[in-house]
4 protein chains.
Amino acid sequence: MEGDGNNPLDKGSAPAVSPGATRRSKRAHEAILNAAAELIHERPYSDVCIEAIAARAGVGKQTIYRWWTSKAAVLMEACAAMVAREVPLPDNGSFVLDLRDYLQHICAFFENQLSRPAIAGLLAEAQCNAELARAFQDRLLMQRRTVLRTILERGVSRGELRPGVDLDVIMDMIHGALWYRTLLLKAPLDEAFIENIIAQVMAGSGTRPPGNAAPD
Amino acid sequence: MEGDGNNPLDKGSAPAVSPGATRRSKRAHEAILNAAAELIHERPYSDVCIEAIAARAGVGKQTIYRWWTSKAAVLMEACAAMVAREVPLPDNGSFVLDLRDYLQHICAFFENQLSRPAIAGLLAEAQCNAELARAFQDRLLMQRRTVLRTILERGVSRGELRPGVDLDVIMDMIHGALWYRTLLLKAPLDEAFIENIIAQVMAGSGTRPPGNAAPD
Amino acid sequence: MEGDGNNPLDKGSAPAVSPGATRRSKRAHEAILNAAAELIHERPYSDVCIEAIAARAGVGKQTIYRWWTSKAAVLMEACAAMVAREVPLPDNGSFVLDLRDYLQHICAFFENQLSRPAIAGLLAEAQCNAELARAFQDRLLMQRRTVLRTILERGVSRGELRPGVDLDVIMDMIHGALWYRTLLLKAPLDEAFIENIIAQVMAGSGTRPPGNAAPD
Amino acid sequence: MEGDGNNPLDKGSAPAVSPGATRRSKRAHEAILNAAAELIHERPYSDVCIEAIAARAGVGKQTIYRWWTSKAAVLMEACAAMVAREVPLPDNGSFVLDLRDYLQHICAFFENQLSRPAIAGLLAEAQCNAELARAFQDRLLMQRRTVLRTILERGVSRGELRPGVDLDVIMDMIHGALWYRTLLLKAPLDEAFIENIIAQVMAGSGTRPPGNAAPD
DNA sequence: AACTAACCGAGACGGTACGTCTCGTCTTCGC
DNA sequence: GCGAAGACGAGACGTACCGTCTCGGTTAGTT
């Protein structure tokens, strides 16, 4: 966290500080992210304005504008902080078990629906803002893609998945189904749904013939 | 179209109509939808304000507020009008051909990316507005789901798809992959992608064993 | 009343009626004036809008615009109707008694302060609208000036007032004092005030030397 | 001027002032008053809207609403600023000369009729707004009343006016005649009118018998 | 009795201004 | 020089009325 490197939406953390200058206030930084996280859980994305974040954080507006480019940048960092902790890489020795683990975990996150408005809001802004779009992919999507890809690759190397399969398309279909169900259909992501996805993946890409699922 | 019935985001088209009252102006109605469509193609969702729509349409603001509840309602109707015409039901006598037809058509619409910001904006607002969410599903998703379901069911009845398959999950995965790629990854929806989806669906749900890809 | 002639603020009462035409609705006319009078007693001049008058009178807006040029014209007619009845010409055989009668009567009207906002509002508009200014003078001031002039002239012809006096200035000072006190100072128009005016007029223009007030 | 203390129509000039706050902008304050003064000279009172003042002053609307309660409050301060400079206290050693001086001066102000619509507009609003009424009296009437009262009192102490006279009524009649002529009759305030008022005052309250004012 | 024009109620229309809200910037202090 | 406070120019919000315009429906007079 803490501007953790080189996100273009942050403005960096005052490198090469001049003599006499106070450095970026850790207290203010955290207060702002916490305030943003609280507010996005209380009201619609469009009502989480910079002024409200500043007031909640007990901070001047300028302190926010000094370090972030927009409210989207603040919320992006706040969301990324939430997501970051939540993508463990399961390792149960079996592709199906790992995939189930992964899906359960990620569905639990979506079902905790508090973050949906934030994510949809960021998604919407990202359509018109290339920088934000890039940050969205890097900070909210990539970690999960990396984890899922690792699981899939382990499945291939263990011989549980057929080797010729296009992992990208499988990943798009798995993740896509989750996002589509949550944001678009607003349908629940329950156990049955998870099992159906697993079944579909195994039928399409598993090394066992699909016949066992439908004995013909 | 034209308030086509009972959308709660519209306010109805001249309800009851007292004696002598002037009825809703068709000219204004169309000008507003056209202006909204134009503007959403020109700038970010958040910058398409009611005042701009009214100005562009040569209409008083009140005329918009008289018939719609919010800018989202206007844009929803404008988007629905665009989508409405574009979902033909292909019938080529073969599941794969029909599915390819359908995917090519829908991908072409997405690639004609003009409507993406609008749709993402509506999607974001729908997270916090149940009425809007319902309208989003009914007017932007359902037509396509119906078409795809028909294609899938024909595949089953023709014996091209296994009968036990959960069509809903397949639909979520197909549509999900499209939306995910477009809005989230901003990756192109090209021919290769379409073929990969078809291959994956056939492998998972087709009656022919996937053996050709994995000769076993 | 009833457009009583040729006020340019009214638009006349359907002259030279064509065959089959319905003439001006007496019911609507009266309802409008009554509604205007009621409203001006209930709220500030600026809040007495045409729409409110129409709604109160149970009348379409167009019916008002058909017969009057503006809300000021409506209120002018309503005020004139109130004022018209209230300027009797006293005749007690003595200038002082007549003047006292007149002043008491007119002060009672002003003290019934309900009409002050209306009159001040019309006065304000009259500053920028010559037609309205003329109507204001003709319909709200002239009747009283005529009565007061008659009283003064009778005083002169009876030998109670000195003949050389400029009656216009006396009239301006008397009426001016009333208006100034009411609209500007918002001070009461009580008996003492009336007597002081009478004393001042008699001292300045009476044929008896003012010595009685200051025996010197 | 400049919010000179405690006018309730103003909202005070940066009350208390927390640490670090920016204080009221002198530039904006003056620009607003100037814009209001210009506009009221260009168009009817009712057309001098806040938006026009803000636009003319190159100022946000909120900056006006932050410091004044209404357009009337702005115009009141603008008018008061105009009036303030223009009430010198004459001192020619003689009551008649002083009174003539005073009347000439005040009539010149009224004849410069640019301010009439503003003053009548404020007067009208003051009928329904106690705060505004009070401000009107304090800031537009009182200075003049004070000057005139001083002139009258000097007349009494010099023996030019009879001591028993009620100065308030004389003041009401003098000022009343001016306002009545200007706003109501829209008659000119010329030299003859001034002389007639003086004659009438001297006849009614002077220590010389009135006879000498006419022939002699 | 049928015709017919103007009046009537209702209210939608293109507009202007309202007073409020939030934006992102700028200014001033105190630490 | 950072951080708080908050004034500033800007402009969209949703509402209230403006004055104009169309609607049917009603109401007198001719014909």
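Every chain is numbered from 1, with letters handed out A, B, ... down the list of sequences. Because the structure is predicted, anything quoted here is derived from the model rather than measured.
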With sequence neighbours excluded, give me every side chain to side chain donor-acceptor pair (under 3.5 Å) pair touching residues 117-129 of chain D.
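Output for this query lists D/Tyr45-D/Glu125.
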Residues in salt bridge (charged side-chain N to carboxylate O under 4.0 Å, His left out) contact with [X], at least two apart in sequence or another chain:
| X | answer |
| --- | --- |
| A/Lys61 | A/Glu51 |
| D/Glu131 | none |
| C/Arg43 | none |

Walk along nucleotides 13-19 of chain E from 5' to 3' and tag each nucleotide B, S or - by protein heavy-atom contact under 4.0 Å, base first, then sugar-phosphate.
BBB-BBB
Contacts of D/Glu42 that satisfy side chain to side chain donor-acceptor pair (under 3.5 Å) - sequence neighbours left out:
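For D/Glu42, the residues satisfying side chain to side chain donor-acceptor pair (under 3.5 Å) (neighbours in sequence not counted) are D/Arg56.
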